[in-house]
Amino acid sequence: MNKRSIATVSLSGALDEKLRAIASAGFEAVEIFENDLLSFGAGPRDIAKLCKDLNLEICAFQPFRDFEGMPEPQRSRTFARAERKFDLMQELGTDLLLICSNVSPSSLGGIDRAADDFRELGERAAKRGLRVGYEALAWGRHVNDYRDAWEIVRRADHAAIGVILDSFHALAPGFPTRAMASIPGDKIFLVQLADAPRLELDILSWSRHFRSFPGQGDLPVSEFMQAIAATGYSGPWSLEIFNDQFRAGSAAQTAVDGLRSLILLQDQLAPDWPKLVGEPLAPKAKSHGTGFVEFAVNETKAGELARLFSQLGFRRTGKHRSKAVERWSQGKVELVINSETGGFAHSHYVTHGPGVCAIALDVDNAGLAMQRAETLKARTFYQPVGPGELEIPAIHGVGGSLLYFLDQAGKNWDTDFEPIESNASDDALLAVDHIAQSMPYDEMLSWLLFYTGILDLKRLPQMEIADPRGLVQSQALINGDQSLRFVLNGSSANRTLPARFISEFFGSGVQHVAFACEDIFATVAAMRARGAGFLDIPGNYYDDIEAKYDLAPDVMAKLRANHILYDREDDGEFFQVYTHIFDERFFFEIVQRRTYHGFGAANAGIRLAAQAREVRPASMPRV
Ligand code: MG
Ligand code: MG
């Protein structure tokens with residue numbers, strides 16, 4: 001059985017906090033990073049006892065640097081240093097030392113010289129029942145390729161010497177994974193896993209700061225694992241992630257994300273790799289769009305929000321049989337206003353102010369979606385329901401909100417709501433086009449794995465939105481039939497406008513909901529006639545659009561008059577307009593797509609500046 005492991009270097013906090021987080025996420029093993037031990041206030045025997053109590057096997061102690069190929073007198077000192085680490089390992093109760101390839105300028109090359117050093121170290125380790133694994137660092141001085149590391153191990157020809165394979169060091173430089181399949185499985189002492197986004201960066205900085213869990217980056221980690229599967233390897237799968245966000249974030253959350261990534265990786269490899277411990281994963285439920293969006297407000301705000309909904313052409317179509325909850329509909333869009341003074345929506349309102357407290361997703365099988373989410377360690381939510389009410393299965397999502405799974409069985413509005421007659425013939429909005437969620441940048445990778453792991457969502461290329469004070473990362477996720485789109489916006493520079501929106505206005509969570517329509521000019525005209533107002537866009541913007549694209553004069557005039565933004569990608573066209581911000585918290589967008597797949601990233605800076613002027617005319621900078 002392949003145990004699931006993580007290196008302590010991947011998490012924030014003191015060593016005991018890390019170990020507790022790792023155990024409670026469900027890992028079976030751990031690699032102890034030397035610095036975590038050195039900086040900790042208790043000795044190796046205490047750590048050994050804690051791991052035993054937590055049921056964690058210490059599968060490796062790491063790293064031991066600059067060992068092989070040293071000239072005398074350094075060579076003798078290096079062996080003496082290794083003996084000291086062996087002492088420590090015996091107190092710690094682990095049998096594997098990770099040695100990474102030498103980066104010292106004094107080291108000498110030569111495969112046989114290195115092999116001789118390892119054979120001698122193997123002798124010393126074997127006397128104590130210990131083993132040594134050799135890992136090629138991508139920036140090693142003489143050895144930077146796992147194939148060379150394996151050749152050294154092969155020539156060392158000692159039972160206590162094996163190779164350690166790290167997906168980052170093999171995949172980031174683009175080494176072929178084929179050669180792994182020819183290494184005997186029992187000579188692979190440890191497999192370390194990390195992904196990373198594709199970046200134009202030197203490999204050392206890339207590795208030290210931007211590694212991520214498998215599935216969060218762009219490296220073909222599952223291909224790497226497939227090659228290893230062919231060897232019959234039965235040791236641990238160990239996550240080794242150097243990432244500034246992870247080291248600043250919550251250890252508990254990072255550990256859960258790590259386990260989630262391993263479960264997902266195992267699932268991708270299931271036919272080749274049935275041996276990893278853990279329960280099997282239910283297949284991804286197919287999503288079919290947004291079932292409803294629920295807003296938590298108080299009684300006063302409920303009236304204001306209802307007024308805005310009706311200006312946007314929504315009809316009040318239902319009243320909850322026992323609660324202060326209303327249903328508003330238009331096209332396929334269903335909105336719920338919840339102004340109850342108890343229950344989940346109310347506590348969300350008290351904590352976050354008015355905003356989206358829940359999103360329901362249409363899926364073909366809600367039970368399956370819940371099963372998958374639970375196996376992936378999502379936090380489930382059950383709320384007691386009244387007589388005659390349906391219980392909709394839910395999990396906790398971004399910013400303390402809920403994500404409901406709604407299938408045909410759960411979709412009967414009349415069970416909970418008393419229907420109200422209305423006329424749908426003027427409906428202009430068709431469906432929810434996308435839902436944008438803001439979050440601190442250090443949470444983005446976590447939510448990315450959450451959404452793509454649980455649902456049938458694929459990543460689009462990440463976008464950077466320029467802000468006068470920094471960059472905002474924008475990651476769009478989309479399902480197969482394009483009926484469900486999430487846009488995750490993360491800002492790390494806390495002086496960027498979105499970061500200030502997060503901290504001062506919106507909070508983490510839904511920032512806007514965009515609705516699709518077929519004719520934006522007619523739709524906006526009707527909304528204006530009902531009293532709706534839209535975010536003011538400066539004339540400069542339209543001068544620029546006029547210069548960039550040869551739009552007909554009457555189209556240009558209508559864009560200007562209605563504050564509609566415009567974008568083009570190849571032959572595709574995109575029209576978008578924003579409502580004023582509701583209570584400084586969230587807003588709505590109306591879009592029209594003509595074979596356009598993006599989200600108007602080119603206009604995001606214009607929109608942000610316009611919102612900044614609107615929300616804080618005196619204190620926000622004018623752009
Ligand atoms: Mg490594
Ligand atoms: Mg948008």
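Just follow the structure's listing: the first ligand is 1, and inside any ligand the first atom is 1. Heavy atoms only: backbone and side chains are in, while hydrogens, waters and symmetry mates are out. All values derive from a computational prediction rather than experimental measurement.
The side-chain tip of R593 points at the ring of F599 from less than 6.0 angstrom away and within 45° of straight on.
Note on ring orientation: taking the six-membered ring where Trp is involved, the planes of F575 and Y566 are perpendicular (angle over 60°, cut-offs 30° and 60°). Aromatic ring pairs are classed by plane angle as parallel below 30°, tilted from 30° to 60° and perpendicular above 60°; the pair F118 and Y134 is tilted. Ring geometry, Y451 versus W447: the interplanar angle falls from 30° to 60°, so the pair is classed tilted.
Among the atoms of D433, no N, O or S atom is found under 2.8 Å from the Mg ion (ligand 2).
Looking only at its N/O/S atoms, E589 has OE1 as the one nearest to the Mg ion (ligand 2).
Atom-to-atom distance recorded for N479:CG and L455:CG is 9.0 Å, nearest 0.5 angstrom.
Counting only protein N, O or S atoms, the number found under 2.8 Å from the Mg ion (ligand 1) is 4.
Between D362 and K332 there is no salt bridge, since no side-chain nitrogen of the basic residue lies less than 4.0 Å from a carboxylate oxygen of the acidic one.
Residues F242 and F168 keep their aromatic ring centres 6.0 Å or farther apart.
With the Mg ion (ligand 2) as the vertex, NE2 (H434) and NE2 (H512) define an angle of 100°, rounded to 10°.
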